[in-house]
Amino acid sequence: MLKSEQQTAYQRDGYLVLPHFKSPDALQALRQRADDIVDAFVPPATKTIFTTNEQVRSVDRYFLDSAANTSCFFEEEAFGPDGELRQAKALSINKIGHAMHDVDPVFSAFSRGPELRQLAQDVGLSQPEIWQSMYIFKQPGIGGEVGWHQDATFFETTPITVTTFWFALEDATVHNGCLWTQPGSHRGPLRERFVRDADQVTMQKLDATPWPHTTTAIPLEVEAGALVVFHGLLPHYSAPNRSSASRHAYTLHVTDATAHYSAANWIQRSAAMPARGF
């Protein structure tokens, strides 16, 4: 799948952009399925909001149960002072997570295939296992910021193997909240660890190394259909979307089964739904 110079670039920079990885038909099928899920979504009595700025406080039973099903989460700015949605439900959802790749046929078809299997091998995953999927809407006007973080924070393995597959379902630009990163910063330390103990989670601080600065970070502007694959230690963030255009994306978080997957990770799978590869 990857040429030698692409593999070298991935090792050097910690990420690789692959344009035109998914066809327009595949993008449309996934977007339509996401629309159907949101349309059928009946919010629970306690409306769960997703925000990375208050990650620990936002964790509840609904969030924890989403590890094995398809759940919708609202944008932080979706509700007005009266507790009612500011706009239509379809324009108020932050994301769908976290097991669509296993429980939904349309998402499963998008998430698997020989091209992804070979790509996983090329970036060093000898026995890939998909633990999490997320459909991210980045809604126009209210799409929330996702602060600097490393995905290895949420998927500890020994050695660290988590790799992110980020699919652009729409064009991602600096105007609608594209990813930002600092090339080569994956060679730095793991700064935080998200640890679960029964139904309680904590964010443990591990290292005080500062996050990349805006003067050294670069935007990853990509067109719809592109795939960005990046190392679990690569710091990245996305700014709020204050534009009139959404920025739909779909992500998979994958580890290598040859590594030890921590029992303290928030997502655990039972024998009835084991983690599977591509």
Side-chain angles (χ1 to χ4, degrees), residues 15 17-39 41 43 47-55 58 72-82 84-97 100 110 133-149 151 164-183 211-230 234-252:
Y15 70 92
V17 177
L18 300 172
H20 313 298
F21 193 89
K22 288 288 188 177
S23 70
D25 287 346
L27 303 183
Q28 178 56 34
L30 202 70
R31 290 191 59 187
Q32 182 59 58
R33 181 59 187 137
D35 287 346
D36 293 343
I37 291 172
V38 171
D39 186 59
F41 170 57
K47 301 177 179 65
T48 299
I49 294 171
F50 182 81
T51 168
T52 59
N53 293 324
E54 298 179 359
Q55 180 71 54
S58 70
C72 295
F73 299 84
F74 285 103
E75 286 282 2
E76 187 175 5
E77 298 178 10
F79 298 95
D82 59 358
E84 298 299 319
L85 289 174
R86 298 177 184 269
Q87 52 194 357
K89 179 178 65 173
L91 294 174
S92 302
I93 301 298
N94 172 287
K95 71 173 181 177
I96 308 172
M100 298 88 72
F110 189 97
S133 52
M134 296 191 299
Y135 189 106
I136 305 166
F137 291 86
K138 205 74 171 183
Q139 300 286 6
I142 64 168
E145 176 187 38
V146 177
W148 283 105
H149 66 284
D151 290 345
T164 301
F165 295 75
W166 191 98
F167 302 87
L169 306 179
E170 297 180 308
D171 293 349
T173 71
V174 294
H175 303 294
N176 67 357
C178 69
L179 294 175
W180 288 72
T181 190
Q182 179 178 306
W211 295 111
H213 193 268
T214 53
T215 58
T216 57
I218 63 170
L220 300 182
E221 294 188 292
V222 296
E223 295 182 351
L227 168 59
V228 184
V229 57
F230 54 91
L234 185 76
H236 56 286
Y237 96 103
S238 64
N241 180 11
R242 301 307 184 196
S243 77
S244 60
S246 58
R247 192 227 65 187
H248 290 203
Y250 178 62
T251 68
L252 299 171

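Every value quoted in this text rests on a predicted model; they were computed, and no experiment measured them.
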Full working for salt bridge (Lys or Arg N to Asp or Glu O under 4.0 Å) between Glu170 and Arg31: CA-CA 10 Å; Glu170 297 180 308; Arg31 290 191 59 187; 3.1 Å; yes

Thr181/Leu220 under side chain to side chain contact (heavy atoms under 4.5 Å, CB included): CA gap, chis, key distance, verdict: CA-CA 8 Å; Thr181 190; Leu220 300 182; 4.0 Å; yes

Take Val146 and His236, measure what side chain to side chain contact (heavy atoms under 4.5 Å, CB included) needs, and give me the verdict at the end. CA-CA 9 Å; Val146 177; His236 56 286; over 6 Å; no

Verdict with reasoning, Glu75 to Leu91, per side chain to side chain contact (heavy atoms under 4.5 Å, CB included): CA-CA 9 Å; Glu75 286 282 2; Leu91 294 174; over 6 Å; no

Could you walk me through whether Phe230 and Phe165 pass the ring pair (Phe, Tyr, Trp, His ring centres under 6.0 Å) check? CA-CA 7 Å; Phe230 54 91; Phe165 295 75; 9.1 Å; no

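When all heavy atoms are compared, the tightest approach of Ile93 to Gln139 is O-NE2, 2.9 Å. Considering all non-hydrogen atoms of both residues, Ala249 and Trp166 come closest at CB-CZ2, 3.5 Å. Between Val38 and Ala90, the shortest heavy-atom contact is CG1-CA, 4.0 Å. Considering all non-hydrogen atoms of both residues, Asp82 and Glu84 come closest at OD1-N, 3.0 Å. Between Glu223 and Ala168, the shortest heavy-atom contact is O-CB, 3.7 Å. Asn241 approaches Arg247 most closely through the heavy-atom pair ND2-N, 4.3 Å.
By the 6.0 Å and 45° rule, Lys22 stacks over the aromatic ring of Phe110.
For the residue pair Ser238 and Lys138, a side-chain donor N or O sits within less than 3.5 Å of a side-chain acceptor on the partner. In this structure, a donor-acceptor pair under 3.5 Å is absent between the side chains of His175 and Thr173. Remark: the Thr216 side chain and the Gln182 side chain contain an N/O donor-acceptor pair separated by less than 3.5 Å. Checked by atom type, the side-chain pair Ser243/Asn176 shows no donor-acceptor distance below 3.5 Å.
Here the CG atom belonging to Leu179 is positioned 11.0 Å from the CD1 atom belonging to Ile218, to the nearest 0.5 angstrom. Here NE2 of His20 is found 13.0 Å from CG of Leu227. Values are rounded to the nearest 0.5 Å. A distance of 7.0 Å separates CD1 of Ile136 from NZ of Lys95, quoted to the nearest 0.5 Å. One finds the CG atom of Asn94 at 10.5 Å from the SG atom of Cys72 (value rounded to the nearest 0.5 Å).
Looking only at side-chain heavy atoms (C-beta outward), Pro240 and Glu145 come within less than 4.5 Å of each other. Proximity of Ile96 to Phe73: side-chain heavy atoms (C-beta onward) are nowhere separated by under 4.5 Å. Residues Val229 and Thr164 have side chains not in contact (no heavy-atom distance under 4.5 Å, counting atoms from C-beta outward). Counting heavy atoms from C-beta outward, Glu221 and Val174 have side chains that approach closer than 4.5 Å. A heavy-atom distance below 4.5 Å is found between the side chains of Pro212 and Trp148. In this structure, Val222 and Val228 have side chains that are in contact, with non-hydrogen atoms separated by less than 4.5 Å. Using a 4.5 Å heavy-atom threshold, the side chains of Thr214 and Trp180 count as separate.
Aromatic ring pairs are classed by plane angle as parallel below 30°, tilted from 30° to 60° and perpendicular above 60°; the pair Tyr135 and Tyr250 is tilted. Using a 30° and 60° split on the angle between ring planes, Phe79 and Phe74 fall in the perpendicular class, above 60°.
Shown here are the ring-ring contact (aromatic ring centres under 6.0 Å, His included) partners of Tyr15, two or more places apart in sequence or in another chain: there are none. For Arg86, the salt bridge (charged side-chain N to carboxylate O under 4.0 Å, His left out) test picks out no residue, with sequence neighbours left out.
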